[in-house]
Protein chains: 4
Amino acid sequence: MTPPKPPMQLNAKKPHRRLPQQRRAHQTVDAVLDAVVRVLKREGVKAVTTNRLAEVAGVSIGSVYQYFPDKQAIFVALHQRHIDQIDRMVQTKLVEHAASSLDELMQAMIDGMIDAHSADPELYELLATEVPHRADGTRDFAVRLHGAFRLALSARAHELKDGRNIDELVFVVTNMVESLSHAALFRRPTRLSLAAAKAEVVRAVLAYLNS
Amino acid sequence: MTPPKPPMQLNAKKPHRRLPQQRRAHQTVDAVLDAVVRVLKREGVKAVTTNRLAEVAGVSIGSVYQYFPDKQAIFVALHQRHIDQIDRMVQTKLVEHAASSLDELMQAMIDGMIDAHSADPELYELLATEVPHRADGTRDFAVRLHGAFRLALSARAHELKDGRNIDELVFVVTNMVESLSHAALFRRPTRLSLAAAKAEVVRAVLAYLNS
Amino acid sequence: MTPPKPPMQLNAKKPHRRLPQQRRAHQTVDAVLDAVVRVLKREGVKAVTTNRLAEVAGVSIGSVYQYFPDKQAIFVALHQRHIDQIDRMVQTKLVEHAASSLDELMQAMIDGMIDAHSADPELYELLATEVPHRADGTRDFAVRLHGAFRLALSARAHELKDGRNIDELVFVVTNMVESLSHAALFRRPTRLSLAAAKAEVVRAVLAYLNS
Amino acid sequence: MTPPKPPMQLNAKKPHRRLPQQRRAHQTVDAVLDAVVRVLKREGVKAVTTNRLAEVAGVSIGSVYQYFPDKQAIFVALHQRHIDQIDRMVQTKLVEHAASSLDELMQAMIDGMIDAHSADPELYELLATEVPHRADGTRDFAVRLHGAFRLALSARAHELKDGRNIDELVFVVTNMVESLSHAALFRRPTRLSLAAAKAEVVRAVLAYLNS
DNA sequence: CATGAATGAGTGTTCATTCAT
DNA sequence: AATGAATGAACACTCATTCAT
């Protein structure tokens, strides 16, 4: 039922750089990725230099370039790591709520979306605003997310009013869920609780679906 | 009736840099801002160096620093220019539709939002994704936009169901209008016309407001 | 009578790097070129880094790159400077000995060749053996030198035995003069004086011409 | 009759590196040397990195350093391999033409010189122009070549005009043969056939010897 | 005010070499 | 001996910024 999800990969622009195949290699990749996060949060984007990354990751700069063809690839991998996590969550919810109503599924999706970003809001805010995101994997992600919602809505067409256009629905719902979840977490006014904001997001999505 | 709108300003981190007060000064500032746009679109963010900017603007690098304390200020000013334009549009709509129903006003706002970005979609997409936006003026803008919507909704409280919380409404509506307008323009699937997408955005906002 | 000699130029691979046009600019270019020579002789090719060059030249590394598109261009310019000098010498000899016999001209050419390198034999030995010479200007030089000798020999065809092929003559004589002059200066056995070596080179060239 | 020829050796700057003594060792050394040639011709000097060499040679980088103390030693060995070949050729000609006249011997020497480089002209051009040649083994070679010609000329002193200085003769002839052979192969103008150029080189050498 | 040559700290990246396995 | 992941010194080069003219 869930579409096959491609496993996370470093992008393979420069094919002579070998992919991590061994235990130690994976450790290095993760160490570097964690280092980006740490430096990003503690010192800001401008401090994210490849040499600083190596230092914080506790590996040599040469090792960094053993696994990443260039600096951009590090950011791409970081984005990918996040995207994969969201993707996994979405697939899980889809399966878990295969038998649920549209309302329940949407609620679960929004919950999942907010939860996924709650783990480290600061990081995800930084990723979204400060770290350059080329169209690379981000596009793929949008497509995948879109696909998931299309699947969910198609399977529940009977719950929708007659004559609703599935393309329009998918487009609006996907964007609402994504952007309002972000907003609830990152841009909600201080006097609004997260729970209240979340409830309101759910209300908005359902109101649209049932309109 | 309209909240006082602060005039556009270069941010004044370094106070010894004087504001443009003369004809020629304004010309330089605009020339530089236009140069950013041109270089951004033709050569990408990486090509946006202060020296290239000066060259394309047809002024000396020294002159650039006469009006901008540093490179970041150029980006801020560019964002500001866009923000001011949106701001102006919002105020105008608010005045024009002072007597309109909530539905009509929302429709007008979404129209205005999309129109404002339609002028140069490529640019605004670049501004949003490639040009670093510090919390600087962006925060101010969010606050102003928020304020405008709060005003509009407060004045039409009678059209809303009883017991709706104004903070929640403002939060959701503001974010929906902004992000869905962007999405309609930049991330709409190819088989969806702009008109159809726009209509659906309106539908979503109104469905929420009337829920 | 002498073919028009193109003035020395930095090679213009990367056209956005402006050519030196002013007094100060020329000083910088020369300072850098002199620095290469100094570092080359005192510390070896491996010590010739762009930063060391800037340091020794007494200019900033930025200034170096204001006038040279990359490191290779510095070497090319250095070779060019030498080549131009030889070229100038050759043209001069050609003019000065316009009325001389072939024997006298050849003697003068060999003299000139050796003198030109005598000024700083160590440098020219380094240039020839240690400094990478791409086909760039070196090819042009070979052609120009070839042309000069062709001119000289053609004009004295009557001094040559009937049936000698001018192409063959030019080829052999040009290469003999160049390589034997170098050899006389750089590879002559210690018990051979420069004067004796030079005399022998002349003898060899004339023997061939008169054969 | 032939002077004792030192056997080919890797230069022994770092004495703890053992000489190749076994079958497999020789294979590695040769594989590396062949790899240099291949990379040099296909990808240029800049691509000749020790790691690339190991890769192309099909051995590990560690093995490369088992047999070569450093990168320079690889180049030295490559030059040496060429030099030894020339050396062998020279000795052979000397023996073969022990009873020949000076003219015949010179002709044979020039033939041999050109033939030796004809096998792979591209390679020898690259070796001469792109691959750094320290004074290391090159000096030895010059001395050996010199020695061979001295031997040949001394033994045929009776064929020479009285009063010719053997040092001068050896110096000029050695350099003529070497540089003109190279020129005939690498720098001959296109409209000159190799045969014609070779004939002319012979003519030049003999003209000098008989002058 | 305008100019643009000069600056130089700092960046991404390479690659010869080592050494634990 | 062989391996190849790891190392890190060193390099070429950029570009925001300054300041003498």
Side-chain angles (χ1 to χ4, degrees), chain A residues 14 17-18 20-25 27-28 46-55 58-74, chain B residues 14 18 22 24-25 28 46-55 59-74, chain C residues 14 17-18 20-25 27-28 46-55 58-74, chain D residues 14 18 22 24-25 28 46-55 59-74:
Chain A
K14 314 198 174 171
R17 206 66 73 160
R18 72 193 53 199
Q21 284 153 333
Q22 307 185 357
R23 179 75 35 94
R24 188 141 54 133
Q27 284 173 5
T28 298
K46 288 188 53 181
V48 180
T49 68
T50 52
N51 282 290
R52 181 95 186 94
L53 248 33
E55 185 187 334
V59 301
S60 74
I61 177 64
S63 287
V64 172
Y65 279 88
Q66 194 106 53
Y67 298 108
F68 297 95
D70 54 28
K71 192 187 179 185
Q72 178 59 26
I74 301 175
Chain B
K14 311 197 176 175
R18 73 190 56 196
Q22 307 184 357
R24 189 136 57 126
T28 298
K46 286 185 55 181
V48 180
T49 67
T50 51
N51 283 290
R52 181 96 184 95
L53 249 31
E55 186 185 334
V59 302
S60 73
I61 178 65
S63 289
V64 171
Y65 277 87
Q66 197 80 39
Y67 297 106
F68 298 94
D70 55 29
K71 190 188 179 183
Q72 180 58 29
I74 300 175
Chain C
K14 313 198 175 172
R17 206 67 74 159
R18 73 193 53 197
Q21 282 154 334
Q22 306 184 359
R23 180 74 36 96
R24 189 142 52 131
Q27 283 174 5
T28 298
K46 287 189 56 182
V48 180
T49 68
T50 51
N51 284 291
R52 181 96 185 93
L53 248 32
E55 185 186 333
V59 301
S60 74
I61 177 64
S63 288
V64 172
Y65 279 89
Q66 195 106 53
Y67 297 109
F68 298 95
D70 55 28
K71 192 187 178 184
Q72 179 58 29
I74 300 175
Chain D
K14 311 197 176 175
R18 74 191 55 198
Q22 307 184 356
R24 189 139 53 130
T28 298
K46 287 185 55 180
V48 180
T49 67
T50 51
N51 283 289
R52 180 95 185 97
L53 249 32
E55 186 186 335
V59 301
S60 73
I61 178 64
S63 288
V64 172
Y65 277 86
Q66 197 81 37
Y67 297 109
F68 298 94
D70 55 29
K71 191 189 180 184
Q72 180 57 28
I74 300 174

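Please read all numbers here as calculations on a predicted model, not as lab measurements. Here is the naming used below: chain letters follow the sequence lines, and residue numbers restart at 1 for every chain.
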What verdict does the side chain to side chain contact (heavy atoms under 4.5 Å, CB included) test give for B/I74 and B/V64, after you've listed the backbone C-alpha separation in whole Å, the side-chain angles of each residue and the deciding distance to 0.1 Å? CA-CA 9 Å; B/I74 300 175; B/V64 171; 3.9 Å; yes

Between protein and nucleic acid, restricted to nucleotides 8-11 of chain F and to nitrogen or oxygen atoms under 3.5 Å apart, what atom pairs and distances do you find?
{"from": "F/dG8", "atom 1": "N7", "to": "A/G62", "atom 2": "N", "distance (Å)": "3.2"}

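Across all strands shown, the partner of E/dT13 is F/dA10, judged by Watson-Crick or G-U wobble contacts whose two distances both fall under 3.5 Å. Nucleotide E/dA20 has F/dT3 as its partner under the Watson-Crick or G-U criteria, with both atom distances under 3.5 Å.
Here B/Y67 reaches the OP1 or OP2 of E/dA2: one of its side-chain N or O atoms lies under 4.0 Å away.
As rounded to whole Å, 13 Å separates atom C1' of F/dA6 from atom CD of A/Q27. Rounded to whole Å, the distance from CZ on B/R52 to P on E/dG4 is 16 Å. Atom CD of D/E55 is separated from atom P of F/dT3 by 14 Å (rounded to the nearest Å). As rounded to whole Å, 16 Å separates atom P of E/dC15 from atom CD of D/Q72. Atoms CG (C/D70) and C1' (F/dT14) sit 14 Å apart, rounded to a whole Å. B/Q66 has its CD atom 14 Å from the P atom of E/dG4, to the nearest Å. B/Y65 places its OH atom 17 Å from the P atom of E/dT7, with the value rounded to the nearest Å.
Across all non-hydrogen atoms, the minimal contact from D/Y65 to D/T50 is OH-CG2, 3.6 Å. Minimum heavy-atom separation, A/A54 to A/S60: CB-C, 3.8 Å. The nearest pair of heavy atoms linking A/S63 to A/V59 is CB-CB, 4.2 Å.
Here CG of D/L53 is found 8.0 Å from NZ of D/K71. Values are rounded to the nearest 0.5 Å.
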